[in-house]
Amino acid sequence: MKILFIGEHDGIHGLLAREMRRSGDQVTLIAPGGDLTLPDANGFFGRYKLLYRIMQLLPDMKGYDRVQLARTEFFGLKPGRLSYLLRELKRNNGHVSLTLGSPDCFMVEAAVKEDLFRFSAYRVGKEKTSAVRMFPDMEYGPMMRESRDFARYLYSQVDSAVAMRPEDAIASGKALGEKMVSVPMPVVASSTRSRDGGKVRLISGGSPDVMVGCGRDILRRVAKEVEKRCPDVCEAVDCMPEEAFQTGGSAIFLADFYSYSPSADALRAMSGGIAVVSGNQPEYADFVQAEIPVPVITAAPGMEEALTEQLCGLVNDREAVIRLGEDSRNFVMRHHPLERVLELFRSI
């Protein structure tokens, strides 16, 4: 297969590109760290530099069996220019597919107008989340007329769309119909970490927009409360996820609060034998066809005190933390193996 990946999506496109290339496919990745890179679109001149570079590359974006777009606004340009580029990609290539997951109008409408979610990064019931109150463009940006019209046009033009989370399937399924294909998020097996002594670490952290957008700031407060109640056996640690993944098995990574399913960060931690606190709703088990219970400590709005008490019990039993990490690793390798995902991805 000759495939062109445009853009990155939680590291998934890079992961698939590397594995497909090892398997003998001809792969090109246009993304940071990929085969071809694009300049930042910051400011007036930045946008024109980006457009100029894309137009330079456009003659090379031909003759692919498949083009996989990372997000709805796949090149970060205005919708009018994206419409032209989409037509060129369709005219000069075979199958054009979209990896779902970007916060487009369908996700916002599902959360805000259609009440398809019990909770989300946009609403808990009818109440706006702190993320939306702090960053109102999360909600208003995708709903602007140009962005909304382009998202609908893109959905009508792609040959398929890949949902890797139940949230994406719920939000976009009606608009895409039979075009939508559900594929579990891929995870590469990583070595388990050393089992050290000391206190159980409750790890949270990330960039400010990630912290607020996925509710990790709320989970950080939970971690601080657990540390306050159980100071002899645990400690709350702030660090980037990449640092967290280097820790031992006596650690718990607090990943997501508003999601129905474990994020890419949570799954990567689980693959290393680290216990996680994350989204873990019944829709996720159905999506990956998993047995219940899923070995994830469930986080969701309204259960902060219950989560605090659960973690207090867990940090007092180091062996239980390690067992949960081991169960998490086994679960991920069974339901998110790269080989299985790649087979499903190729069959689209």
What about [X] and [Y], same hydrophobic cluster or not, with Ile/Leu/Val/Met/Phe/Trp/Tyr joined at side-chain heavy-atom distances under 4.5 Å?
X: M144; Y: V112; answer: no
X: V188; Y: F253; answer: yes
X: Y153; Y: I6; answer: yes
X: Y140; Y: M107; answer: no
X: V288; Y: L338; answer: yes

Would you call [X] and [Y] a salt bridge, taking side-chain N to carboxylate O under 4.0 Å as the test?
X: E326; Y: R329; answer: no
X: E343; Y: R340; answer: no
X: E225; Y: R221; answer: no
X: D265; Y: R216; answer: yes
X: D35; Y: R21; answer: yes

Any donor-acceptor pair under 3.5 Å linking the side chain of [X] with the backbone of [Y]?
X: Q56; Y: I54; result: no
X: K179; Y: V158; result: yes
X: D159; Y: V96; result: yes
X: S328; Y: P295; result: yes
X: D256; Y: C214; result: no
X: D25; Y: K2; result: no
X: K199; Y: V315; result: no
X: H9; Y: L100; result: yes

Any side-chain heavy-atom pair from [X] and [Y] closer than 4.5 angstrom?
X: M61; Y: I30; answer: yes
X: M134; Y: D217; answer: no
X: M185; Y: R165; answer: yes
X: V162; Y: L344; answer: no
X: D65; Y: I3; answer: no
X: V276; Y: P262; answer: no
X: V294; Y: H335; answer: no
X: V233; Y: V200; answer: no

Can you tell me how far the [atom1] atom of [X] sits from the [atom2] atom of [Y], to the nearest 0.5 Å?
X: Y84; Y: L82; atom1: OH; atom2: CG; answer: 12.5 Å
X: E88; Y: L58; atom1: CD; atom2: CG; answer: 5.5 Å
X: L98; Y: M180; atom1: CG; atom2: CE; answer: 11.5 Å
X: D149; Y: R145; atom1: CG; atom2: CZ; answer: 6.0 Å
X: L38; Y: Y52; atom1: CG; atom2: OH; answer: 14.0 Å
X: D10; Y: L15; atom1: CG; atom2: CG; answer: 11.5 Å

Review item, side-chain donor-acceptor pairs of residues 69-78, under 3.5 Å, at least two apart:
unit_1	atom_1	unit_2	atom_2	d
R71	NH2	E8	O	3.4
T72	OG1	S102	OG	3.1
T72	OG1	D104	OD2	2.9
E73	OE2	S147	OG	3.1

Taking side-chain hydrogen bond (donor to acceptor under 3.5 Å, both in side chains) as the test, write out the residues that go with [X], two or more places apart.
X: D327; answer: none
X: R152; answer: E109
X: T308; answer: none
X: E139; answer: R123

Margin query: Between L314 and I297, does the side chain to side chain contact (heavy atoms under 4.5 Å, CB included) criterion hold? Intermediate values first, please.
Written below: CA-CA 10 Å; L314 190 59; I297 304 166; 3.5 Å; yes

Item checked: Aromatic centroids of F287 and Y260 separated by under 6.0 Å -> no

Determine the minimum heavy-atom distance between [X] and [Y], stating which atoms define it.
X: C230; Y: N316; answer: SG-ND2, 3.8 Å
X: E227; Y: E235; answer: OE2-CA, 3.5 Å
X: M333; Y: S271; answer: CE-CB, 4.0 Å
X: Y155; Y: S172; answer: OH-OG, 2.9 Å
X: S160; Y: H95; answer: OG-NE2, 2.7 Å
X: D60; Y: Y64; answer: O-CE1, 3.5 Å

Item checked: Under 3.5 Å side-chain donor-acceptor pair for S261 and E167 -> yes

Note to self: Pair T99, Q68 - check side chain to side chain contact (heavy atoms under 4.5 Å, CB included), show working.
What the structure shows: CA-CA 7 Å; T99 301; Q68 190 71 33; 2.9 Å; yes

Notebook entry, point to check: Going through the checks in order, is the side chain to side chain contact (heavy atoms under 4.5 Å, CB included) test met by V27 and M1?
Noted result: CA-CA 8 Å; V27 180; M1 178 184 288; over 6 Å; no

Check: Taking only residues at least two apart or on different chains, which pairs with a member in residues 289-299 satisfy salt bridge (charged side-chain N to carboxylate O under 4.0 Å, His left out)?
Finding: E291-R334

Tell me whether the count of non-hydrogen atoms from other residues, nucleotides or ligands lying under 6.0 Å of [atom1] in [X] goes above 12.
X: K228; atom1: NZ; answer: no
X: Q157; atom1: CD; answer: yes
X: E305; atom1: CD; answer: yes

Next item on the list: May I ask you to check if R81 and Y48 form a cation-pi contact, with NZ or CZ under 6.0 angstrom from the six-membered ring centre and within 45° of the axis?
Entry: yes

Check: For the residue pair F5 and H13, does the interplanar ring angle fall in the parallel (under 30°), tilted (30 to 60°) or perpendicular (over 60°) class?
Finding: tilted

Next item on the list: Could you check Y258 against I218 for side chain to side chain contact (heavy atoms under 4.5 Å, CB included), going step by step and ending with a plain yes or no?
Entry: CA-CA 10 Å; Y258 293 125; I218 298 171; 3.4 Å; yes

